Every structure is written in C-alpha cells, then in structure tokens.
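Being a predicted model, the structure only gives us computed values, none of them experimental. Because only heavy atoms are used, hydrogens play no part in the values below, and waters and symmetry mates are left out as well, while side chains stay in.
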Amino acid sequence: METSHLNLTQQLVHALGKKIMLGSFKVGDSLPSEADLCIEFNISRTATREAVKMLTAKGLISSRPRQGIKVAESKHWNLFDADVLNWILIGKPDLYLLRHFLQLRLAIETEAAYLAAQYAQEPELRAIESALVRMKDATNGEDDTHEADIAFHQSVLTASNNPFFIQLINFITTALKVNLRFTNRLIAVTHEEYEAHVEIFNYIKNKDPESASQASLITQKATLALVDEKIKEYESKKQ
C-alpha cells in the first residue's frame, strides 16, 4: 500500500508493522517507548499513542504500564486484517505459515465451491469463465499465470454469494501469493492445472455442489501435500 496519502499516525502504523514482519522487531522484543517514537518519527505524542492503539487492535503488539510496548506472538495477530496481510507479503513468510494458509484454504474454498454451485448467478459464472479464459491464455504465455489463477479463486468466492466468504478474498489472495513465492514458478499454468479448474467450474455451472466441493478438495490437498513434503525436506536438512 502506498503511504504517501496516509496521515502521520497511519504512516507510523505501517512503518512499525513492516518492521515487525521483516524481523527488525521479533516476537517478545520491546519497541521504543512512545516518547522515543515521537522523536524518531517526528510526530506528536497523541499521534504516536493512536498508532500504538491501532497496532494493538491488529494484535501485533501489547502495551502495558511498566512493561512497555512488545511484539505479540503471531497467534495473536489479526491475520484477516488487510494491512497485516499486506505486511506479511512484504516480510518473510515461511513454509509453516504457508501450510497454515493452505489448511484454511482447504476448508474455505471447498465450501465456497459448494455454495457457488448452489447460488452462482450468470454474471458470477461469466466472471469464473473469464478467469478460465485467462488461465488458458496463460498456458500459451499470453497472460499472467499468477493473476489468472488468483482471479479464478476470487471469482469462486464471490460466486458463493456468502458475504462472509466474499470478505475472505484478501486472505485467499495473500495465501495464493505466498504459495507462488515459495514455488517460484515463472512458467505458465500447466494443462493439467487448467483442466482441474475447468472441472470445478463445470460442476459449479451444472449446479452439482458435492462434485464441485470434491474437485476443489482434490486440488487443495494436492497443493498441501507438496508443501508438507517441502517441510519434511527442510526439517531433515536441519537434523
């Protein structure tokens, strides 16, 4: 996110949020006091205090009298917050965080496909089909393979017509981007991957919720299995 249009409080929030995600401040570390932050960032005590409150609300820090400001454990971070998700991409997400993303994707996207098969309307079906066209073009190098894949998954969530699922689009998008960072793939979508997405769409279009959910489950589990294998390789090298 561009910070040039943000007020001083928001700029401080983003600066500290990025530092935490980049590891400049680790879990349990103490941040500078509010007084020191005022001096370092040349902003008022009021603006600094508000920034601390905002980061506390996002779960990134805790601020207590006589204990100062400390980075909270990641389990307390609000991982559905748009700012936190953006900072995760700026930072250094690891394979374990990717696995956590994928585990939740497995639950979310399989149900989203089920709901889409029940409730998708023509405009939403066209959006999914348009994403598939982009994926097909990507197999020939004629479109951005990453953006096409993301558009497909976003469209399925929207087609669920469930406002709670729709609001998870930012989360799913971040999960996909983290996944792409680790696979580091520059090649186009494979034909097999494209066909798997076509299968999900056809079940949605034909209003077959069970099959749509099962097809989505298969693709999600395949991705999760690859990450589990990478984690096993990583852990074996550490021994």
Side-chain angles (χ1 to χ4, degrees), residues 1 57-59 77-89 93 97-139 143-181 183 189-227:
M1 177 184 288
K58 295 177 186 296
W77 298 354
N78 182 359
L79 297 176
F80 295 104
D81 182 279
D83 288 335
V84 176
L85 288 171
N86 286 328
W87 298 333
I88 285 173
L89 288 175
L97 180 60
L98 175 56
R99 179 160 66 182
H100 292 155
F101 270 129
L102 292 174
Q103 288 167 342
L104 190 52
R105 276 189 65 197
L106 192 149
I108 293 170
E109 295 199 59
T110 54
E111 184 63 19
Y114 186 98
L115 294 174
Q118 289 183 305
Y119 302 114
Q121 304 298 312
E122 280 304 315
E124 293 144 0
L125 291 173
R126 287 197 297 270
I128 301 174
E129 196 164 25
S130 176
L132 281 173
V133 170
R134 293 186 61 190
M135 290 187 74
K136 179 66 173 177
D137 289 342
T139 65
D143 203 330
D144 187 301
T145 179
H146 301 162
E147 293 301 324
D149 184 48
I150 288 171
F152 176 88
H153 293 280
Q154 290 174 334
S155 299
V156 172
L157 282 173
T158 300
S160 73
N161 276 288
N162 182 307
F164 293 99
F165 277 68
I166 292 170
Q167 289 191 28
L168 291 172
I169 284 177
N170 282 339
F171 174 86
I172 295 299
T173 299
T174 301
L176 287 164
K177 289 181 178 179
V178 171
N179 184 45
L180 291 168
R181 178 176 297 186
T183 56
V189 174
T190 67
H191 180 72
E192 290 76 13
E193 289 169 335
Y194 168 72
E195 289 297 333
H197 286 70
V198 169
E199 184 178 32
I200 294 171
F201 170 67
N202 284 335
Y203 287 133
I204 291 173
K205 185 177 181 179
N206 294 328
K207 295 191 176 300
D208 186 345
E210 293 289 350
S211 297
S213 177
Q214 185 62 28
S216 178
L217 180 66
I218 291 171
T219 62
Q220 297 296 328
K221 282 192 171 182
T223 304
L224 184 56
L226 289 174
V227 173

So, taking the atom named [atom1] in [X] and the one named [atom2] in [Y], what distance separates them when rounded to the nearest 0.5 Å?
| X | Y | atom1 | atom2 | result |
| --- | --- | --- | --- | --- |
| Ser211 | Ile204 | OG | CD1 | 11.5 Å |
| Asp137 | Arg134 | CG | CZ | 9.0 Å |
| Thr219 | Leu224 | OG1 | CG | 11.0 Å |
| Asp149 | Asp144 | CG | CG | 10.0 Å |
| Thr145 | Tyr194 | OG1 | OH | 13.0 Å |
| Leu217 | Ile200 | CG | CD1 | 10.0 Å |

Are the side chain of [X] and the backbone of [Y] linked by a donor-acceptor contact shorter than 3.5 Å?
| X | Y | result |
| --- | --- | --- |
| Ser130 | Arg126 | no |
| Asn179 | Ala175 | no |
| Ser213 | Pro209 | no |

Inset, instruction - Answer with yes or no whether the side chains of Asn162 and Glu111 bring together a donor and an acceptor at under 3.5 Å. - result: no

Inset, instruction - Begin with the C-alpha distance, continue with both residues' side-chain angles, and end with the deciding distance and a verdict on side chain to side chain contact (heavy atoms under 4.5 Å, CB included) for Leu115 and Asn161. - result: CA-CA 8 Å; Leu115 294 174; Asn161 276 288; over 6 Å; no

Residue pair [X] / [Y]: nearest heavy atoms and the distance that separates them:
| X | Y | value |
| --- | --- | --- |
| Phe165 | Ser160 | CB-OG, 3.5 Å |
| Asn170 | Ala82 | ND2-CB, 4.1 Å |
| Glu124 | Tyr119 | OE1-O, 4.0 Å |
| Ser155 | Ala151 | OG-O, 2.8 Å |

Result block: side-chain N/O donor-acceptor pairs under 3.5 angstrom for residues 97-107, not counting sequence neighbours:
from   : atom 1 : to     : atom 2 : distance (Å)
Arg99  : NH1    : Asp228 : OD1    : 3.2
His100 : ND1    : Tyr96  : O      : 3.3
Arg105 : NE     : Glu109 : OE2    : 2.4
Arg105 : NH2    : Glu109 : OE2    : 2.9

Inset, instruction - Using a cut-off of 6.0 Å, state whether more than 12 heavy atoms not belonging to Lys221 lie near its atom NZ. - result: no

Inset, instruction - Please indicate whether Lys205 has more than 12 foreign heavy atoms, meaning atoms of other residues, nucleotides or ligands, lying under 6.0 Å from its NZ. - result: no

Inset, instruction - Please state whether the rings of His153 and His197 are parallel, tilted or perpendicular, taking 30° and 60° as the class boundaries. - result: perpendicular

Inset, instruction - Given side chain to side chain contact (heavy atoms under 4.5 Å, CB included), test Phe80 with Leu85 step by step and report yes or no. - result: CA-CA 7 Å; Phe80 295 104; Leu85 288 171; 5.7 Å; no

Inset, instruction - Would you check if Ile108 and Leu157 make a side-chain contact, meaning some heavy-atom pair closer than 4.5 Å? - result: yes

